Asks: 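Let me begin by handing over the structure; questions about it come next.
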Amino acid sequence: MSLLDVFTVIMTASGLFFFFAGSIGIVRFPDVFCRLHALTKVDNLSLGLIMFGVLPQAASIFDALQIIIIWLLVMVSGAVSCYLVANQAEEDLSTDTGIQPNTLDNVPMRRSIKPINNSSIGSANNGI
């Protein structure tokens with residue numbers, strides 16, 4: 001087994017690990033927005049690791065370019081679908097609560113998710 005094969009095994013195994021961790025996150029997270037976050041982050045990272053693992057095994061430059069293009073297309077389609085699902089969830093949440101979509105900062109989160117207090121981030125009193 002060559003060093004290139006070891007690199008391929010390590011990269012694809014780490015990509016599969018992150019796919020598995022993201023799948024658990026999708027099932028366990030309580031909110032659609034948290035689930036989308038887990039899905040998009042893990043999808044891009046996992047597929048990127050698998051792509052980098054498979055690239056050295058490509059037979060030609062054309063095959064390697066096809067792998068890279070597929071990865072880029074999956075990243076773009078993931079971002080677009082995440083936006084569409086989040087937009088629909090925000091719209092559904094605003095109709096459930098009667099609050100306009102642009103003022104969702106004041107909507108209490110469902111279940112156990114609590115809003116994050118960002119009072120010290122970006123304010124004038126933190127020295128920035």
Side-chain angles (χ1 to χ4, degrees):
M1 191 178 216
S2 70
L3 188 60
L4 198 60
D5 293 336
V6 171
F7 176 76
T8 298
V9 168
I10 290 172
M11 293 300 279
T12 50
S14 59
L16 290 174
F17 170 76
F18 282 109
F19 267 131
F20 180 70
S23 299
I24 291 173
I26 290 170
V27 173
R28 297 278 310 196
F29 285 153
D31 191 292
V32 67
F33 301 109
C34 293
R35 290 178 180 176
L36 284 174
H37 178 75
L39 175 68
T40 54
K41 296 296 179 189
V42 170
D43 185 36
N44 292 336
L45 176 66
S46 302
L47 195 57
L49 288 171
I50 290 173
M51 181 211 50
F52 282 121
V54 172
L55 272 180
Q57 303 293 334
S60 67
I61 298 294
F62 182 70
D63 291 341
L65 285 175
Q66 283 181 338
I67 293 170
I68 293 170
I69 289 171
I70 289 169
W71 179 51
L72 292 174
L73 288 173
V74 168
M75 284 182 25
V76 169
S77 67
V80 169
S81 62
C82 179
Y83 170 77
L84 292 173
V85 170
N87 194 20
Q88 185 64 45
E90 181 182 46
E91 198 172 293
D92 290 346
L93 184 62
S94 67
T95 57
D96 288 347
T97 58
I99 297 174
Q100 297 298 323
N102 292 336
T103 60
L104 285 176
D105 295 333
N106 300 325
V107 174
M109 297 301 283
R110 295 179 181 169
R111 297 190 189 149
S112 64
I113 298 178
K114 305 211 181 340
I116 299 171
N117 184 4
N118 291 330
S119 61
S120 64
I121 298 175
S123 64
N125 63 1
N126 65 355
I128 296 178

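Along the sequence shown, residues carry numbers from 1. Keep in mind that what you see is a predicted model, and the values were worked out from it rather than measured.
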Asks: Below 3.5 Å, can you tabulate the donor-acceptor pairs from side chains in residues 37-45 to any protein atom, sequence neighbours excluded?
Replies:
{"unit_1": "T40", "atom_1": "OG1", "unit_2": "L36", "atom_2": "O", "d": "3.0"}
{"unit_1": "T40", "atom_1": "OG1", "unit_2": "H37", "atom_2": "O", "d": "3.3"}
{"unit_1": "N44", "atom_1": "ND2", "unit_2": "T40", "atom_2": "O", "d": "3.2"}

Asks: So which pairs with a foot in residues 49-58 pass side-chain hydrogen bond (donor to acceptor under 3.5 Å, both in side chains), sequence neighbours left out?
Replies: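 Every pair satisfying side-chain hydrogen bond (donor to acceptor under 3.5 Å, both in side chains) with a residue in residues 49-58: D5-Q57, T8-Q57.
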
Asks: Between D92 and Q88, does any side-chain donor sit less than 3.5 Å from a side-chain acceptor?
Replies: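 Side chains of D92 and Q88: pair found under 3.5 Å.
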
Asks: Identify every side-chain donor-acceptor pair in residues 77-85 under 3.5 Å, counting partners at least two apart or on other chains, and give the distances.
Replies:
{"unit_1": "S77", "atom_1": "OG", "unit_2": "L73", "atom_2": "O", "d": "3.1"}
{"unit_1": "S77", "atom_1": "OG", "unit_2": "V74", "atom_2": "O", "d": "3.0"}
{"unit_1": "S81", "atom_1": "OG", "unit_2": "S77", "atom_2": "O", "d": "3.0"}
{"unit_1": "S81", "atom_1": "OG", "unit_2": "G78", "atom_2": "O", "d": "3.1"}

Asks: For residues 62-71, dump all side-chain donor-acceptor pairs below 3.5 Å to protein atoms at least two apart in sequence or in another chain.
Replies:
none

Asks: With sequence neighbours excluded, what pairs up with V6 under the side-chain contact (heavy atoms from CB on, under 4.5 Å) test?
Replies: M1, I10

Asks: Once side-chain contact (heavy atoms from CB on, under 4.5 Å) is applied, do any residues pair with A21, and if so which ones, sequence neighbours excluded?
Replies: none

Asks: At their closest point, which heavy atom of A86 faces which heavy atom of F33, and how far apart are they?
Replies: O-CE2, 3.7 Å

Asks: Please say yes or no: joined through hydrophobic side-chain contacts below 4.5 Å, possibly via intermediate residues, are L72 and L47 part of one cluster?
Replies: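 Yes, L72 connects to L47 through the hydrophobic network.
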
Asks: Using the rule that two of Ile, Leu, Val, Met, Phe, Trp, Tyr join whenever any of their side-chain heavy atoms come within less than 4.5 Å, decide whether V9 and F19 are in one cluster.
Replies: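 No, no single cluster joins them.
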
Asks: Please name all residues satisfying side-chain contact (heavy atoms from CB on, under 4.5 Å) with F7, sequence neighbours left out, ordered by chain then number.
Replies: M11, P56

Asks: With a 4.5 Å cut-off on side-chain heavy-atom distances among I, L, V, M, F, W and Y, is there a chain of contacts connecting L16 to F18?
Replies: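 Yes; F18 is reachable from L16 via cluster members.
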
